[in-house]
2 protein chains.
Amino acid sequence: MREKIAPERMHSECSMHLRSINDTLDIINGKWKISIIGSLGFGKKRFMELQREVEGIGAKMLSKELRELEMNKLVNRVVYDTKPVTVEYEITEYGKTLQPIIQEMARWGAQHRKKIMTRK
Amino acid sequence: MREKIAPERMHSECSMHLRSINDTLDIINGKWKISIIGSLGFGKKRFMELQREVEGIGAKMLSKELRELEMNKLVNRVVYDTKPVTVEYEITEYGKTLQPIIQEMARWGAQHRKKIMTRK
DNA sequence: CAGAATCCCCGAAGATACTG
DNA sequence: CAGTATCTTCGGGGATTCTG
């Protein structure tokens, strides 16, 4: 049985919720960031490797998104001093805290695809 | 202890994952849809009510986003035949399946805010 | 109130070329 | 390879007005 909640209480709860959601969206906005983090969840990746995996992203965008993810401490950029320089990107511990969200998105997407396929 | 996974296996797993993520992102792209669904999670809402709650959205966008959500069966539009017509939007059962994602986002956002506040 | 229509602008993002 | 720099285009989306 559902509890009754006063309308004002209800409203403030809702706006709190929305504020938290917005805080998250501010960090992972755009479609690329989630995909990038999702990809890095499977291990360190080099720049080109990421560009290949994150379908459709251009170098400029990838570069920019990575920089922003780095600023928010979600991703680490590691430079190896080889002759053509080698760069690897890896997810940080903090970045890993986003994985539950990403897992849920992957789960939902898989379910959704199944639903669309069989139903239609 | 972590299992070893062959690289090809690894790669296909990763791209499956990314594909699922993209399927989800295709449905809930933009920052508005998540907020709208999040808001409707607290109960039916009228157009203006939504516009007030979803911080910063304009009428045109709200209208467009709602139409898309409706097309994807995530939201229902209910019209009451009153003198100035009344319209209510409500989340569908299918739309509710997105709530785990949104919950996670709200949780993360709250945590993140706390972290930013205390650390800095 | 719940939107549709119109006008308009700026910034996201692609293409291309260049560099260390 | 791992980007940066430059130029350009396209459309997301705001502001405003209008209607049932």
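Every chain is numbered from 1 and lettered A, B, ... according to where its sequence line falls, protein lines coming before strand lines.
Here salt bridge (charged side-chain N to carboxylate O under 4.0 Å, His left out) pairs that include residues 93-105 of chain B, with residues two or more places apart or in two chains, are B/Glu93-B/Lys96, B/Glu104-B/Arg107.
Regarding B/Glu88, its CD atom lies at a distance of 12 Å from the P atom of C/dG3, rounded to whole Å. Summarising the geometry, the separation between NZ on B/Lys44 and C1' on C/dA2 is reported as 17 Å, rounded to the nearest angstrom. For the pair A/Asp81 CG and D/dA2 P, the interatomic distance rounds to 14 Å; values are reported in whole Å. Atom NZ of A/Lys83 is separated from atom P of D/dA2 by 15 Å (rounded to the nearest Å). Taking atom CG on A/Leu62 and atom C1' on C/dG14, their separation rounds to 14 Å, with Å as the unit.
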Reading nucleotides 3-20 of chain D from the 5' end, what letters show protein touch, with B for base, S for backbone sugar-phosphate only, - for no heavy atom under 4.0 Å? SS-B------BB------
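Few gaps surround CD on B/Glu70; more than 12 heavy atoms of other groups in view lie less than 6.0 Å from it.
Scanning for ring pair (Phe, Tyr, Trp, His ring centres under 6.0 Å) contacts around B/Trp108 gives A/Tyr94, B/His112, with sequence neighbours left out. When the salt bridge (Lys or Arg N to Asp or Glu O under 4.0 Å) test is applied to A/Arg19, no partner is found at least two apart in sequence or on another chain. Shown here are the side-chain hydrogen bond (donor to acceptor under 3.5 Å, both in side chains) partners of A/Thr92, two or more places apart in sequence or in another chain: there are none.
Remark: B/Arg46 is in phosphate contact with C/dA2, judged by side-chain N or O atoms under 4.0 Å from OP1 or OP2.
Residue B/Tyr80 is found in a hydrophobic cluster whose other members, listed by chain and number, are B/Val78; membership requires side-chain heavy atoms under 4.5 Å apart, directly or through intermediates.
Between its opening and closing five pairs, the helix from C/dC1-D/dG20 to C/dG20-D/dC1 changes axis direction by 50°, a value rounded to 10 degrees.
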Check residues 38-50 of chain B and write down every donor-acceptor pair under 3.5 Å in which the side-chain atom is one partner and the other belongs to a residue at least two apart or another chain.
from: B/Ser39; atom 1: OG; to: B/Lys45; atom 2: NZ; distance (Å): 3.2
from: B/Ser39; atom 1: OG; to: B/Glu53; atom 2: OE1; distance (Å): 2.6
from: B/Lys44; atom 1: NZ; to: B/Glu90; atom 2: OE1; distance (Å): 3.4
from: B/Lys45; atom 1: NZ; to: B/Ser39; atom 2: O; distance (Å): 3.0
from: B/Lys45; atom 1: NZ; to: B/Glu53; atom 2: OE1; distance (Å): 2.9
from: B/Glu49; atom 1: OE1; to: B/Arg46; atom 2: N; distance (Å): 2.9

Atom pairs and distances, donor-acceptor, side-chain atoms in residues 26-35 of chain A, under 3.5 Å, two or more places apart:
from: A/Asn29; atom 1: OD1; to: A/Lys33; atom 2: NZ; distance (Å): 3.1
from: A/Asn29; atom 1: ND2; to: A/Asp26; atom 2: O; distance (Å): 3.0
from: A/Lys33; atom 1: NZ; to: A/Glu65; atom 2: OE1; distance (Å): 3.3
from: A/Lys33; atom 1: NZ; to: A/Glu68; atom 2: OE1; distance (Å): 2.7
from: A/Ser35; atom 1: OG; to: A/Lys31; atom 2: O; distance (Å): 3.4
from: A/Ser35; atom 1: OG; to: B/Asn22; atom 2: OD1; distance (Å): 3.4

